[in-house]
Amino acid sequence: MDTVRDWIREAQHIAVLTGAGMSAESGVPTFRDAQTGLWARFNPQDLATESAFRAHPQRVWDWYQFRREAIAQVQPNAGHRALAAFAQRHPERLSLITQNVDGLHQRAGQPQTIALHGSILEDRWLDASRACCQIAAPADGHPPRCATCGNLRRPAVVWFGENLPQAELDAAEAAVGRCDLMLVIGTSGVVYPAAGLALAAHQRGARVVLINPEPTELDAVASRCLRERAAQCLPSLMED
Ligand code: OAD
């Protein structure tokens, strides 16, 4: 830990990449935990693809409503708060990139969070909106829809097989492009292009530190693996 704390103090620019493990201690389930992970309990092909939504809009919509309500009940943890506090003290020295759609980094005080996979707290139109879609508020329903053309509202998250939002991907690559230290927190490192950001940082010669109680796909490029839980170790790690 001391070495990593020194690296943080010395770093010109720190890029942080977080995953579901960052929110685990807030009570948000991860995806691939063998027992409690969402993908251990639900088939992602039935719930996190556009074709699944078109085939079963109510089932998918209700599942996201269930997750939204669960996220509304939880709070950012000490790890979220430690990153936000560091960023407020050193606004030029840290960029935060997240795969999480739960908004907990933003609620902890980091509105500049680069949300690669969108936000579960927002919706958007499934198909390109038409004039009719703009006129009146969507008709209620599971999901809400345009009363005229039936265009559906969908969660504003990235589903499997979909591209990441370009502006966020560009911002993330720019942050990795100028970092000399990358903290990779609470991700299994199996989903691309997000995991590729850690490889890119390593290839550029930046130090890569993994914070994860378990081994991950990215261990091979790590300068240090801290087998720690995010909310446990970040408060002391991010202290000045
Ligand atoms: P995963 O569920 O794949 O991985 C979570 C990681 O967090 C695991 O490696 C755990 O060991 C670790 N972990 C668990 N508790 C932790 C804690 N308290 N502190 C630190 N680490 C902890 O979740 P992601 O890697 O985020 O994408 O998954 C990546 C993407 O796959 C998600 O954004 C989502 C999912 O499908 C989309 O939906 C597009």
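Numbering of ligands and ligand atoms starts at 1, following listing order.
Of the candidates Asp102, Val158, Thr49, Thr187, Thr187 brings a heavy atom nearest to atom 25 (O) of ligand 1. For atom 37 (C) of ligand 1, the choice among Glu162, His117, Glu228 with the nearest heavy atom turns out to be His117.
Looking at Ala20 next to ligand 1, an N or O pair under 3.5 Å apart turns up. For ligand 1, the polar-atom distance check against Glu25 finds a nitrogen or oxygen pair separated by under 3.5 Å. Ligand 1 has an N or O atom lying under 3.5 Å from an N or O atom of Phe31, backbone or side chain. Here's the thing with Glu214: none of its N/O atoms is less than 3.5 angstrom from an N/O atom of ligand 1. An N or O contact shorter than 3.5 Å is missing between Trp159 and ligand 1 by distance.
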* Report the C-alpha separation of Cys179 and Ser95 in whole Å, then their side-chain angles, then the decisive distance to 0.1 Å, and conclude whether the side-chain contact (heavy atoms from CB on, under 4.5 Å) test is met. => CA-CA 9 Å; Cys179 78; Ser95 297; over 6 Å; no
query = When you look at Phe53 and Trp159, which way does the ring-ring contact (aromatic ring centres under 6.0 Å, His included) test go after all the steps?
reply = CA-CA 10 Å; Phe53 183 67; Trp159 279 332; 5.4 Å; yes
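Distance alone, capped at 3.5 Å, is enough to place a donor-acceptor pair between the Arg93 side chain and the Ile8 backbone. In terms of modelled atom types and a separation under 3.5 Å, the side chain of Thr49 and the main chain of Gln45 share a donor-acceptor contact. Distance alone, capped at 3.5 Å, is enough to place a donor-acceptor pair between the Asn100 side chain and the Ala20 backbone.
Residues Thr187 and Gln99 have side chains that bring a donor and an acceptor to within less than 3.5 angstrom of each other. Thr113 and Thr98 form no side-chain donor-acceptor contact under 3.5 Å, judged by distance and modelled atom types alone.
Residue Gln99 touches ligand 1 through backbone and side chain together, judged by heavy-atom distances below 4.0 Å. Only the side chain of Val191 comes within 4.0 Å of ligand 1, judged by heavy-atom distances.
Interface of Gly186 with ligand 1, defined as ligand atoms under 4.0 Å from a residue heavy atom, comprises 5 (C), 6 (C), 7 (O), 20 (C), 21 (N). Those atoms of ligand 1 with a heavy atom of Gly19 less than 4.0 angstrom away are 26 (O). Distances below 4.0 Å separate heavy atoms of Thr30 from the following atoms of ligand 1: 2 (O). Proximity to Ala24 (heavy-atom distance under 4.0 Å) selects the following atoms of ligand 1: 15 (N).
Looking from atom 11 (O) of ligand 1 to the surrounding protein, the closest heavy atom is Asn212 OD1, 2.8 Å. The nearest protein atom to atom 17 (C) of ligand 1, hydrogens excluded, is given as Gly21 O, 3.3 Å; this is a heavy-atom distance.
In this structure, Pro213 counts as a contact residue of ligand 1, since one of its heavy atoms falls inside 4.0 Å of the ligand. Ligand 1 has at least one atom lying under 4.0 Å from a heavy atom of Phe160.
Aromatic ring pairs are classed by plane angle as parallel below 30°, tilted from 30° to 60° and perpendicular above 60°; the pair His105 and His80 is perpendicular.
A salt bridge links Arg89 with Asp240: at least one charged nitrogen is closer than 4.0 Å to a carboxylate oxygen. Asp123 has a carboxylate O that lies under 4.0 Å from a charged side-chain N of Arg68, or vice versa, which qualifies the two as a salt bridge. At a threshold of 4.0 Å, the pair Arg154-Glu162 counts as salt-bridged, since one of the basic side-chain nitrogens sits closer than that to a carboxylate oxygen.
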